[in-house]
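Working notes for the structure below.
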Number of protein chains: 2
Amino acid sequence: MSADRDLSRCSLNTASIKRATLPEAVDAAARAGYGAIGLWRDRVQETGAEKAAKLVADAGLRVSSLCRGGFLTASDEAGIAAALDDNRAAIVEAATVGTSELVFVVGGLPGSAPETAPAPGTDRDVVAARARVADRIADLAPFAAEHGVRIVLEPLHPMFAADRAVISTLGQALDLAAPHPADVVGVVVDTYHVWWDPALEASIARAGAEQRIASYQVCDWALPFAPLALNSRGHVGDGYVDFPTISRWVAAAGYRGDVETELFNQEIWDAPFDDTVATIADRYLRHVQPYVG
Amino acid sequence: MSADRDLSRCSLNTASIKRATLPEAVDAAARAGYGAIGLWRDRVQETGAEKAAKLVADAGLRVSSLCRGGFLTASDEAGIAAALDDNRAAIVEAATVGTSELVFVVGGLPGSAPETAPAPGTDRDVVAARARVADRIADLAPFAAEHGVRIVLEPLHPMFAADRAVISTLGQALDLAAPHPADVVGVVVDTYHVWWDPALEASIARAGAEQRIASYQVCDWALPFAPLALNSRGHVGDGYVDFPTISRWVAAAGYRGDVETELFNQEIWDAPFDDTVATIADRYLRHVQPYVG
């Protein structure tokens, strides 16, 4: 790899080429010269975590993160127990697959379903839902620490607050992380979710000072929205996000880890894997890599 | 009007029955027993501001607010001059029509168009765009003060930050208002835009303590999104917003003004005006009025 094409910190999140099997995704990332891959649990479970770990290592890649744990807002005993069980399994998977960073999407209002009208009797108390997230993090933190895995809180864009995640800002994620050691609970900075935040520069600086930045994920705020709003995440450069500025803030906060590109976009999912992997690399090199330290 | 059906603070925003002429909207609100009406400039301009003022007053209604000034993010001289001219005209219209509250939607990134991909060369510097908003507010504040009109900053949901408003939180709106007297620059609390904010309770309390709450607007966060995301605003009770809680916060902050229902929703726009006005009243009485002080 030439010095002017440094993809050593570039990571392919497997969601960006959703149709690819794990071996296909690993192969595509490795051939393109990426340094790392971010794994989703469904891909890992296809092969099992041990085999997944070997596949990635044999290809000379790092695992930048595992997606995803979370969904912690249930208020009933069975729901709470199920969430704790599933997250303990995810923690073990993260450790086995070779990453310390387990990304958590914490869940929306209990009983909500993605982009669906509320069912009768829906509990709309978002303040209480957030409090339960704090409680579940406290429940899981010792288990994560034992396994050398960090619970990485992902603030999702406020357009997903009802139905996917009641953590909507980086500052809020840091407040939830604050009671725990920095190597046990961290945060992810995903440009799609946080670019709009007037407190973003300050929150990134705080996250860095607190040693909590576990991942920097990039993708663009593309308009118009896709029919399913979740799938509006565009290639870096195709939307409204100011990547040089945010990347400089992340660098100034001391982050020197991998930069994952995670795209949810039907058009991109329909493209050949190698085309997507090449475009991600090209956009990373133009809009992110020169600024990220 | 019976005491258990108190619509004295209930206001019909004309956008909720978008097809209605101003006389039709005034008539529908007055017959239903509403106390006030919130006017959009297009409706006012149909009759002229003086005639609009007389129409509303003759029907025994108050004007709770005029929508909308703003669009302050232009960076070129001509764009800045045009924005100042248009907003001075809006300030005069507000004073003439008989309201002190002129709602401002401050505009997105310069050159953006609603729910449209960025044009080549789009300026993505949202920090600079926000600074220009602050400059334009300072330009307009003396003129607004002379006319007894308050510039009311509306934080829009972060899903509109790129293409409609670079003010995304109530706290940010209050920071922008802070250099100016409370009767010259205020804020609106619109549930649709701010319900998700983890700082909402604190920001509403601050807005009240600073005497800056100029309007309380209600409508619900309905899912799934409409084909044009802007038009996803649902009737109170049809979505995920916790109206009793937010209304209590607004009451605790000392707000005792009108409560406008402002819906952007094609299905509602297609309904008979009287049906919509009746549903708004019913939902207000069930989910808002008992809690709003």
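In what follows, every chain begins at residue 1, and chains take the letters A, B, ... in the order their sequences are listed.
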Look at Gly239(B), Ala113(B), Ala229(B) and state which one has the largest set of heavy-atom pairs under 4.5 Å with chain A.
-> Gly239(B)

Closest approach of Met159(A) and His157(B), non-hydrogen atoms and distance?
-> N-CE1, 3.3 Å

Sort Ala222(A) into side chain, backbone, both or neither according to what part of it lies under 4.5 angstrom from a heavy atom of chain B.
-> neither

Quick one: CH2 on Trp195(A) to OG on Ser168(B), what's the gap to the nearest 0.5 Å?
-> 7.0 Å

Select one option (side chain, backbone, both, neither) describing which atoms of Asp123(B) are under 4.5 Å from chain A's heavy atoms.
-> neither

Whether Trp196(A) and Trp196(B) hold their rings parallel, tilted or perpendicular, with breakpoints at 30° and 60° | perpendicular

Could you have a look at Ala161(A), Ala199(A), Gly234(A) and say which one has the most heavy-atom pairs with chain B under 4.5 angstrom?
-> Ala161(A)

Side chain / backbone / both / neither for Asp175(B) at chain A, heavy atoms under 4.5 Å = neither

Relative to chain A, which segment of Pro227(B) carries a heavy atom at a distance below 4.5 Å: side chain, backbone, both, or neither?
-> neither

Side-chain contact test, heavy atoms from C-beta onward, threshold under 4.5 Å: evaluate it for Thr116(A) versus Pro224(B) and give yes or no.
-> no

Interface moiety of Thr122(B) toward chain A, non-hydrogen atoms closer than 4.5 Å | side chain

From OH (Tyr240(B)) to CG (Asp163(A)), nearest 0.5 Å | 6.5 Å

CG on Leu109(A) to CG on Asp242(B), rounded to 0.5 Å = 9.0 Å

Point-to-point distance, once rounded to the nearest 0.5 Å, from CG of Asp197(B) to CD of Gln172(A) = 8.5 Å

Contacting region of Val127(B) [heavy-atom separation from chain A under 4.5 Å] | side chain

